[in-house]
Novice: 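What follows is a structure written as structure tokens; I'll ask about it next.
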Amino acid sequence: MYDYEDEEEDMFGSPPPVRDRPEIDFKADLNEEQFRAVTAPDGPALVLAGAGSGKTRTLTYRVAYLLSQGVSPEAILLLTFTNKAAKQMLDRVEQLTGVGSHRFLGGTFHSVGGQVLRLFGDSVGLVRNFTILDDGDSDSLLNEVIRGLDPSFFKTKENPKAKPIKGLISFARNIGSPVEDIAKGRYPANGELLARIDSFARAYQETKIERGLADYDDLLVYWLEVLQNNEEAARYYQERFSHVLVDEYQDVNSLQAGIVDKIGAKHQIMAVGDDAQCIYTWRGADIDQIMEFPQRHPGTTVFKIETNYRSSPEILKLANGILDSRDEESSYSKVLKPSRPHASLPVLVPTLDAYQQADFVLGKIESLVDAGARYEDVAILYRAHYHAMELQVELSRRGLPFVITSGLRFFEQAHVKDLVAQIRFVANPKDVTAFMRFACLLPKVGEKTAAKLLGLAERRTKEKGMRVTEALAESDLVAKVPADAREDWVDLMETLRSIDLLAGSATPAKVVDEAIHGWYQNHLRATYENWPRREEDLESLVDFAGKHENLHEMLSQLVLLSSESGDRVVRPGESCLRLSTIHQSKGLEFPHVFIIGLADGLFPNKRAIDGEGDLEEERRLFYVATTRAESSLHLLFPTLSNQKGTPVRLVQSRFLKELPEARYELHNAHSSHRPRQGGWNRRGFGRGGYRGYR
């Protein structure tokens, strides 16, 4: 846990003397754009730092410049989104200036907020020796509160569990909306549930205060309350910090922006960010905060840092083209300028389906490695985790080393294993491990209870000659299931029976589809806040199943893939391909980048196309993906998708259609011919294969 006591001593004790500062030639060390921002006079400033433009360098030198102008380290506040970013910047400042990093107050909003509340939390009802709850502890506390208010709440299968309710409460608090309004958007048809969630939120908050507890959201909510309601505290921080620097300002929510505005009331804020890289609004980030910064802070000077040190001119030209289609009134104009030598054009590759897409990517990577590239030089990026399933299958089959930035490998994910376990058990009722996995998901059912129930069913199958899925559903056996789990147990057994009836004659795809839309669908929606994304993962298994002729063959392949990916340990120093969602790749860079799944409905996703999501954020996400690439960039999209056993035609992403054809080369994945510039007629495949080349 963060050591607040040590930090407080540094903040308010007698500061150690500043060591001699080496002379810094700011003009020589920085380009003209960076120099103007670094040496900006006092007053509000908004620094729009494009991708790969040296944002961290600019912030570091800004701190060094302030020190050179006589500003005390203790008068500088640096707010970031990760402790790693803060440490990196302050360590660089120490190397550059000789001023110890401990002299500054810098860190995440949450860590700094915690320190403020140690001093002034009592003014908003929080004891100074409060305990900070981690995610698991706060889930447990909310679960306790809900059970105390309504002991039967979790016994109703339609009701969500504590974790998604906590996520809903957290989102509401971070964007400053009433909990009931957010609940209405997520559970529009259940008016009774909306009122209950609102009462749970209030009781949860009261319980934390009574017990001297605070969760992560409290560190921000109460910090802002202190600044708004405690004049002494607000004045202290406004006078203490003559300069407030905020990193990644495009990612702040309204709560964080309010804190910054209040502390920086004397207009010494420098906000550094890039509206074109605002890709976390689904998590609460508010793009209006960076767009309206000059209006909230009259006299703001806007600096643009557009020289890019990462990507080739050809990649930057394509990336700039993505931004050309944005709404000018809701964005800042910015054009990335190259500093690197010319390279090849980005390559657009239509493929027949996701399997040919995977085959092309890995074939191209082999060519790059043969030409001297290392595996670690290559990143494969995608909009959603399930888009890379076929790629992971092929990587495992070929034994190529890879790591996933965005979490577990596809077949290692809990929801995938939960679903597959049900099918495994039906296919082999002696697979006790599979039975234990899904049976123990039910409330009050542990391994001993599950083993006892399975043992009773097995004896009954021998005595009556029935199938185990039938025996598990017999009324006298159901009576032995813990009361809290009984309703779930009946639904689960109905699903297993349905799978069992299909397993002998239906295709593997139909079996998987039946499992997805049975008991587990309700469990998924009640358990996980991000259940739509997890459902997408599971739906993609139907396509995977469609590639196999029988259930046992499919299960064998699944188990092999899961064990291969799960058991494989990357050796120290081993060079591995990097697979990542685009969100997780932000801030990273690679010589060679492949972006897969660039088809409408995949990227941008269907929700954004249908108006339920933010299409502009999807465009910004594409921009972020392309600007990860240094030397080469490949853009791929499948033109056919197998959805529940039916081939569905896909069209290339509308973001690709917006790009002038001169900004990429078109490559025929079927052909060994060299790429041709332009020429795709934007219609896709004909019956005979690719068409549309001029």
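By convention here, the first residue in the shown sequence is residue 1.
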Novice: Any carboxylate oxygen within less than 4.0 angstrom of a Lys/Arg side-chain nitrogen, looking at Arg283 and Asp251?
Specialist: no
Novice: Thinking salt bridges, do Glu589 and Arg628 make one under a 4.0 Å N-O criterion?
Specialist: no
Novice: Can you tell which of Arg619, Lys334, Arg620 makes a salt bridge (charged side-chain N to carboxylate O under 4.0 Å, His left out) with Asp275?
Specialist: Lys334
Novice: Answer yes or no: is there an ion pair linking Glu314 with Arg340, defined by an N-O contact shorter than 4.0 Å?
Specialist: no
Novice: Return the minimal non-hydrogen interatomic distance between Ile290 and Asp274, and the atom names on each side.
Specialist: CD1-N, 4.0 Å
Novice: Does NZ in Lys317 sit with more than 12 non-hydrogen atoms of other residues, nucleotides or ligands closer than 6.0 Å?
Specialist: no
Novice: Atom CD of residue position Glu32 - does it have more than 12 heavy atoms of other residues, nucleotides or ligands inside 6.0 Å?
Specialist: yes
Novice: Which is it for Ile365 and Phe594 under the side-chain contact (heavy atoms from CB on, under 4.5 Å) test, yes or no, and what are the steps along the way?
Specialist: CA-CA 10 Å; Ile365 290 172; Phe594 295 80; 3.8 Å; yes
Novice: Using the six-membered ring of Tyr623, assess whether NZ or CZ of Arg326 lies under 6.0 Å from its centre and within 45 degrees of the ring axis.
Specialist: no
Novice: Would a 4.5 Å heavy-atom cut-off, applied to side chains only, mark Pro604 and Phe655 as touching?
Specialist: yes
Novice: Do NZ/NE/NH1/NH2 and the carboxylate oxygens of Arg240 and Glu74 come within less than 4.0 Å?
Specialist: no
Novice: Is there a salt bridge (Lys or Arg N to Asp or Glu O under 4.0 Å) between Lys337 and Glu33? Walk through the geometry before answering.
Specialist: CA-CA 12 Å; Lys337 297 179 290 188; Glu33 298 164 339; 2.7 Å; yes
Novice: State whether the side chain of Asn308 and the backbone N or O of Ala51 hold a donor-acceptor pair below 3.5 Å, judged by distance alone.
Specialist: yes
Novice: Between Glu376 and Arg374, is there a salt bridge with N-O shorter than 4.0 Å?
Specialist: yes
Novice: If we only count heavy atoms from C-beta on, is the Ile76 to Leu67 side-chain gap below 4.5 Å?
Specialist: yes
Novice: Do Phe590 and Val378 have side chains that get closer than 4.5 Å, going by heavy atoms?
Specialist: no
Novice: Search all heavy atoms of Ile175 against all heavy atoms of Ser254 and return the closest pair with its distance.
Specialist: O-OG, 3.3 Å
Novice: Go through Leu391 and Leu395 one step at a time and tell me if the side-chain contact (heavy atoms from CB on, under 4.5 Å) criterion holds.
Specialist: CA-CA 6 Å; Leu391 184 67; Leu395 281 165; 4.1 Å; yes
Novice: Taking atom types as modelled, find out whether Asn174 and Asn253 have a side-chain donor-acceptor pair closer than 3.5 angstrom.
Specialist: yes
Novice: Consider side-chain contact (heavy atoms from CB on, under 4.5 Å). Of Leu400, Val403, Ile404, which one does Cys576 pass it with?
Specialist: Val403
Novice: Only counting residues at least two apart or in another chain, list the ones meeting ring-ring contact (aromatic ring centres under 6.0 Å, His included) with His583.
Specialist: Tyr280, Trp282
Novice: Start with the C-alpha gap between Glu658 and Ser325, add the side-chain angles, then the distance that decides, and say whether side-chain hydrogen bond (donor to acceptor under 3.5 Å, both in side chains) holds.
Specialist: CA-CA 7 Å; Glu658 293 169 352; Ser325 300; 3.3 Å; yes
Novice: Closest approach of Phe303 and Ala40, non-hydrogen atoms and distance?
Specialist: CZ-CB, 3.5 Å
Novice: Measure the acute angle between the ring planes of Phe109 and Phe81, then classify it against the limits of 30° and 60° as parallel, tilted or perpendicular.
Specialist: tilted
Novice: Are Val244 and Val246 close enough, and set up right, to give a side-chain contact (heavy atoms from CB on, under 4.5 Å), and what steps lead you there?
Specialist: CA-CA 7 Å; Val244 180; Val246 188; 4.2 Å; yes
Novice: Could you report the tightest heavy-atom contact between Ser580 and Ser585, atom names first, then the distance?
Specialist: OG-N, 3.5 Å
Novice: Aromatic contact between Phe26 and Phe35, with the criterion being ring centroids under 6.0 Å apart: yes or no?
Specialist: no
Novice: Looking at side-chain heavy atoms only, is the closest gap between Asn31 and Tyr309 below 4.5 Å?
Specialist: yes
Novice: Just verifying a value: how many Å separate Lys87 NZ and Lys84 NZ, rounded to the nearest 0.5 Å?
Specialist: 10.5 Å
Novice: Could you tell me whether the side chain of Asn229 and the main chain of Glu225 form a donor-acceptor pair under 3.5 Å?
Specialist: yes
Novice: Let me confirm one number: the CG-CZ distance from Leu79 to Phe241, rounded to the nearest 0.5 Å.
Specialist: 8.5 Å
Novice: With the side chain counted from C-beta on, respond yes when Leu96 and Tyr61 share a heavy-atom pair under 4.5 Å apart, and no when they do not.
Specialist: yes
Novice: I need the minimum non-hydrogen distance between Gly106 and Ala86, along with the two atoms involved.
Specialist: C-CB, 4.2 Å
Novice: Atom NE2 in His385, atom CD in Gln584: separation rounded to 0.5 Å?
Specialist: 10.0 Å
Novice: What distance do Arg128 atom CZ and Phe120 atom CZ have between them, rounded to the nearest 0.5 Å?
Specialist: 7.5 Å
Novice: Under the 3.5 angstrom rule, does the side chain of Ser575 hit a backbone N or O of Tyr375 as a donor-acceptor pair?
Specialist: yes
Novice: Determine whether Val347 and Leu635 make a side-chain contact, defined as any pair of heavy atoms from C-beta on separated by less than 4.5 Å.
Specialist: no
Novice: When you check the side-chain N and O atoms of Ser138 and Lys166, is any donor under 3.5 Å from an acceptor?
Specialist: yes
Novice: For the CG atom of Leu59 and the CG atom of Leu245, what is their distance to the nearest 0.5 Å?
Specialist: 6.0 Å
Novice: Any ion pair linking Arg173 and Asp218 (charged N to carboxylate O, less than 4.0 Å)?
Specialist: yes
Novice: Identify the two heavy atoms, one from Val624 and one from Ala276, that lie closest to each other, and give their separation to 0.1 Å.
Specialist: CG2-O, 4.3 Å
Novice: Could you tell me whether Glu248 and Lys586 have a side-chain N and a carboxylate O separated by less than 4.0 Å?
Specialist: yes
Novice: Under a 4.5 Å cut-off applied to non-hydrogen side-chain atoms, are Leu598 and Ile595 in contact?
Specialist: yes
Novice: Working to the nearest 0.5 Å, report the span between CD of Glu306 and CG of Leu316.
Specialist: 11.5 Å
Novice: Any carboxylate oxygen within less than 4.0 angstrom of a Lys/Arg side-chain nitrogen, looking at Glu94 and Arg103?
Specialist: no
Novice: Should we say atom NZ of Lys55 is surrounded by more than 12 heavy atoms from elsewhere, each under 6.0 Å from it?
Specialist: yes
Novice: Is there a donor-acceptor contact under 3.5 Å from the side chain of Gln238 to the main chain of Lys262?
Specialist: yes
Novice: If we count only N and O atoms by modelled type, under 3.5 Å, do the side chains of Lys304 and Ser333 hold a donor and an acceptor together?
Specialist: yes
Novice: Strictly distance-based, threshold 3.5 Å: is any side-chain N or O of Ser111 a donor or acceptor partner for the main-chain N or O of Gly107?
Specialist: no
Novice: Quick one: do the Asp91 and Gln88 side chains pair a donor with an acceptor below 3.5 Å?
Specialist: no
Novice: Determine whether the side chains of Asp217 and Ser170 contain a donor N or O and an acceptor N or O closer than 3.5 Å.
Specialist: yes
Novice: The test is side-chain contact (heavy atoms from CB on, under 4.5 Å); show your working for Leu588 and Arg578 and say whether it passes.
Specialist: CA-CA 11 Å; Leu588 304 177; Arg578 179 72 64 91; 3.6 Å; yes
Novice: Is it true that Phe293 and Tyr249 have ring centroids separated by less than 6.0 Å?
Specialist: yes
Novice: Would you check if Leu381 and Val593 make a side-chain contact, meaning some heavy-atom pair closer than 4.5 Å?
Specialist: yes
Novice: Quick one: do Arg663 and Asp324 satisfy salt bridge (Lys or Arg N to Asp or Glu O under 4.0 Å)? Show the steps, please.
Specialist: CA-CA 13 Å; Arg663 298 196 181 180; Asp324 286 344; 3.8 Å; yes
